[in-house]
Amino acid sequence: MSTASATRTAPRHRKPRKQLDHAQRMRRTGWLLSAPAVLIMLAVAIAPLVDAAWLSLFHKRLTTPDANSFAGLSNYWVVLKDPLWWTDVWTTLALTVLTVSVEFVIGFGLAQLMQRALYLRRTLRTIVLIPYGIVTVVSAYAWRYAFDPSTGFVNDWFGTDVAWFDHRWTALFVIALSEIWKTTPFMSLLLLGGLIQVSPDVHEAARVDGAGPWQRLTRVTLPIMKQAILVALLFRTMDAFRIFDSVFVMTGGANDTETVSFLAYRQLVSRTALGLGSAISVLLFACVLLIAFLFIKLFRTDVSKLGSPT
Amino acid sequence: MSQPSPAREGVRTLVSVVVIAITVLPLAWMLSLSFKSGDDINNAQFLPKTWSLDNYRTVFRNDLFTDALRNSIGISLIATAIAVACATGTAYAIVRMEFPGKRLILLGALAIAMFPTIAVVGPLFDMWRTIGLFDTWIGLILPYLSFTMPLSIWTLTSFFKQIPWALEDAARIDGASAWQAFRYVIAPMAVPAVVTTAILVFFFAWNDFVFSVSLTSTNNSRTVPAALAFFTGASQFQQPTAAIAAASVVVSVPVIVLVLVFQKRIVAGITSGAVKE
């Protein structure tokens with residue numbers, strides 16, 4: 001594209017000087033057009049992140065402004081030594097693994113359905129988008145009230161008598177359900193994008209060669225969709241790992257349902273312990289990086305092509 | 001998709017109906033709850049015995065909610081407009097111009113899209129308090145911008161790549177001015193992409209909870225999701241369940257309308273941002 005536009009203006013002035021001017025002008029305009037977006041991202045995302053790393057090295061609490069002393073890595077030590085951190089890490093991991101794997105299976109089925117269903121296909125594609133748009137806090141309330149023993153209909157419908165939010169695993173189960181409801185559409189749309197790339201001809205050829213449905217799925221469909229699957233799983237895993245809203249609304253972190261993001265929030269905002277909270281933030285960030293790294297290693301995919309429109 | 005057998009099609013239709021029912025269930029429940037009043041709220045039934053609009057009256061008489069609604073609308077719209085405007089410029093530059101650093105911009109944006117928002121809340125909380133942006137509209141708009149910009153840049157870049165820019169040259173050769181070529185040839189093809197991106201950005205801002213709950217403290221700038229979490233009902237002694245349900249229905253309406261109207265574009269937006277080529 002760009003070379004085409006370069007040659008477009010070039011022919012009339014074949015002198016190399018003009019050519020250079022044009023390239024220079026293009027570079028300047030390119031930077032100029034990108035500047036606002038880049039500056040905002042630097043100022044409100046990168047800079048605070050660097051600041052968080054810096055703050056994590058200090059004993060700093062807003063309630064005691066004078067006691068701002070250098071702490072070295074001791075904040076990290078305090079966090080990593082605390083069993084609460086590890087409980088929260090396991091809770092977050094359990095939620096992430098549970099939700100993402102269930103979402104992948106349902107999402108894949110849903111993508112197939114959206115591609116193949118003759119009737120209701122349009123309705124399906126529209127309706128399925130609604131959870132994606134709904135405010136997470138709203139969906140969390142809907143599920144909370146549904147499972148609440150006094151207001152909810154769930155115990156009534158299923159003949160159970162469970163105080164869902166009084167126990168760790170039942171509470172996490174409801175939290176996971178609401179997350180799955182909310183984000184499966186996103187997963188299924190990404191997978192549908194990959195599914196569309198699998199041409200019916202290839203399938204037909206495999207069938208003629210005697211491949212059964214399972215073989216066609218594992219040997220033909222999934223390998224062709226590899227890229228889309230990687231992107232869908234990676235995006236959802238990173239997103240699931242920072243779960244916050246649903247936990248806040250449903251349990252407030254009670255009964256060992258606190259997640260890592262919630263712990264960071266509690267230290268930073270409720271307790272205004274900026275040093276300790278920042279250390280947790282940095283650790284959370286490191287976890288997310290680690291997840292991304294593992295995924296890319298696992299799938300052995302060229303990172304430069306990852307979800308890239310280039 | 002060889003010979004579609006009626007039996008298979010029947011199963012698919014049945015599954016579709018089940019999926020649609022499960023998707024709609026929590027929303028129907030919120031809607032039903034929002035019309036319940038008095039003892040109905042605690043009777044563990046799905047539908048109300050008597051339908052009442054009391055909760056909607058309560059909610060619209062409550063400053064906490066009406067202010068939050070105003071904040072949500074204002075902040076989300078402003079953030080969307082600025083984010084899309086800046087990202088359009090960047091995406092155009094990336095697609096149409098050769099300049100060093102454009103790859104870095106794309107990768108940097110991807111990195112930002114991935115990192116946990118809570119990680120920047122601490123420093124922002126501290127900085128905003130120092131420079132007086134805590135609990136203001138700008139204090140929320142800025143973080144929304146930086147976290148929606150990556151999404152916008154990626155989506156727009158991938159859309160813009162599909163635009164046949166050669167048509168612009170063709171129009172110029174046919175005698176159109178640069179402005180005419182842009183206005184009549186390129187703009188009509190670019191506008192759908194920009195609208196799609198705007199909807200996705202709006203969803204993000206409308207949905208945000210982390211920033212709103214951490215960087216605001218009063219009705220000045222608290223948005224609806226955060227306000228819902230601090231809702232206490234008409235009086236201290238009343239359980240706010242039904243009022244929260246009514247408020248939830250109110251904030252969900254704009255989203256559902258957007259989804260119904262722009263269904264195709266949203267699908268295109270979600271998939272193009274991530275899995276094109």
Side-chain angles (χ1 to χ4, degrees), chain A residues 1-2 8 26-27 30-31 33-34 36-38 40-41 44-45 48-49 51-52 113 117-120 124 126-130 133-138 141-142 145-146 150-151 153 156 189-190 193-194 200 228 231 238 242 244-245 261 264-265 268-269 274 277-278 281 284-285 288 307 309, chain B residues 1 9 12-13 15-16 20 23 26 29-30 33 41-42 44 46 86-87 89-90 92-93 97-99 105 112 114-116 118-124 126 142-143 145-146 149 157-158 161 169 203 207 209-210 214 225 228 241 244 248 251-252 255-256 259 263 266-267 270-271 274-276:
Chain A
M1 253 330 140
S2 42
R8 160 167 61 92
M26 191 154 72
R27 213 177 308 149
W31 277 331
L33 282 170
S34 314
V38 171
I40 291 172
M41 288 192 288
V44 201
L49 193 69
D51 196 25
L113 196 63
L118 275 184
Y119 312 104
L120 293 173
L124 198 63
T126 311
I127 295 284
V128 142
L129 273 179
I130 292 175
I134 291 288
V135 173
T136 315
V137 171
V138 167
Y141 269 119
Y145 290 149
S150 61
T151 51
F153 60 89
D156 189 44
L189 286 172
L190 292 188
V231 171
M238 308 245 258
R242 45 191 187 197
F244 178 73
D245 311 17
S261 281
Y265 165 81
L268 287 168
V269 181
L274 286 182
S278 296
S281 301
L284 178 60
F285 184 55
V288 169
Chain B
M1 275 210 283
E9 211 35 64
R12 279 177 196 147
T13 310
V15 176
S16 303
I20 292 169
T23 310
W29 163 241
M30 257 338 207
L33 197 55
I41 294 163
N42 287 322
F46 193 86
C86 293
T90 309
Y92 179 84
M97 283 157 202
E98 209 44 65
F99 63 99
I105 295 177
I112 292 174
M114 287 178 173
F115 72 62
I118 198 89
V120 301
V121 156
L124 283 179
D126 198 23
L142 281 174
L145 286 182
S146 70
M149 214 70 97
T157 306
S158 104
K161 291 214 159 156
D169 300 337
F203 279 1
N207 185 29
F209 182 66
V210 173
S214 316
L228 280 178
T241 309
I244 287 178
S248 298
V251 285
S252 303
V255 171
I256 292 174
V259 165
Q263 182 248 122
I266 298 169
V267 175
I270 294 173
T271 44
V275 271
K276 272 285 150 60

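Lettering follows sequence order; numbering is per chain, from 1.
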Could you please spell out the steps behind the side-chain contact (heavy atoms from CB on, under 4.5 Å) verdict for B:Ile270 and A:Leu129? CA-CA 10 Å; B:Ile270 294 173; A:Leu129 273 179; 4.2 Å; yes
Chain A contact via [X] - which portion, at a heavy-atom distance below 4.5 Å:
| X | answer |
| --- | --- |
| B:Val255 | side chain |
| B:Ile256 | side chain |
| B:Ile20 | both |
| B:Leu142 | both |
| B:Phe203 | side chain |

Counting heavy-atom pairs closer than 4.5 Å to chain A, which one of [options] comes out on top?
| options | result |
| --- | --- |
| B:Thr23, B:Leu145, B:Val120, B:Thr13 | B:Thr23 |
| B:Leu228, B:Val251, B:Leu33, B:Val121 | B:Leu228 |
| B:Ile266, B:Val15, B:Asp126, B:Thr90 | B:Thr90 |
| B:Ser248, B:Ala93, B:Ala119, B:Pro116 | B:Pro116 |

Which portion of [X] sits near chain B, non-hydrogen atoms under 4.5 angstrom:
| X | result |
| --- | --- |
| A:Leu274 | side chain |
| A:Tyr141 | both |
| A:Leu113 | side chain |
| A:Met238 | side chain |

With side-chain contact (heavy atoms from CB on, under 4.5 Å) as the criterion, how do B:Ser16 and A:Tyr119 come out once you've worked through the C-alpha distance, each side chain's angles and the decisive distance to 0.1 Å? CA-CA 9 Å; B:Ser16 303; A:Tyr119 312 104; over 6 Å; no
How many angstroms lie between [atom1] in [X] and [atom2] in [Y], if you round to the nearest 0.5 Å?
| X | Y | atom1 | atom2 | result |
| --- | --- | --- | --- | --- |
| B:Asn207 | A:Thr136 | CG | OG1 | 3.5 Å |
| B:Trp29 | A:Tyr145 | CH2 | OH | 10.0 Å |
| B:Ile105 | A:Ser34 | CD1 | OG | 4.0 Å |
| B:Arg12 | A:Leu124 | CZ | CG | 12.5 Å |

Identified side-chain contact (heavy atoms from CB on, under 4.5 Å) partner of B:Gln263 from the options A:Ile130, A:Val128, A:Thr126: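 Running side-chain contact (heavy atoms from CB on, under 4.5 Å) over A:Ile130, A:Val128, A:Thr126 with B:Gln263 returns exactly one hit, A:Thr126.
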Between B:Leu124 and the options A:Val44, A:Leu268, A:Asp51, the side-chain contact (heavy atoms from CB on, under 4.5 Å) test singles out A:Val44
Test ring pair (Phe, Tyr, Trp, His ring centres under 6.0 Å) applied to B:Phe115 - qualifying residues, sequence neighbours left out: A:Phe285, B:Phe147
Give the intermediate values and the outcome of side-chain contact (heavy atoms from CB on, under 4.5 Å) for residues A:Arg242 and B:Val210. CA-CA 10 Å; A:Arg242 45 191 187 197; B:Val210 173; over 6 Å; no
What are the two closest non-hydrogen atoms of [X] and [Y], and how far apart are they?
| X | Y | result |
| --- | --- | --- |
| B:Ile112 | A:Met41 | CD1-CB, 3.7 Å |
| B:Ala44 | A:Asp156 | O-OD2, 3.5 Å |
| B:Gly89 | A:Leu33 | O-CB, 3.5 Å |

Looking at B:Phe99, is its backbone amide N or carbonyl O close enough to the side chain of A:Trp31 to form a donor-acceptor pair, meaning the two atoms are under 3.5 Å apart?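 No; zero donor-acceptor contacts below 3.5 Å.
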Could you tell me which of A:Ser150, A:Pro36, A:Ala52 has the largest number of non-hydrogen atom pairs under 4.5 Å with chain B?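 Going by pairs under 4.5 Å, I would pick A:Ser150.
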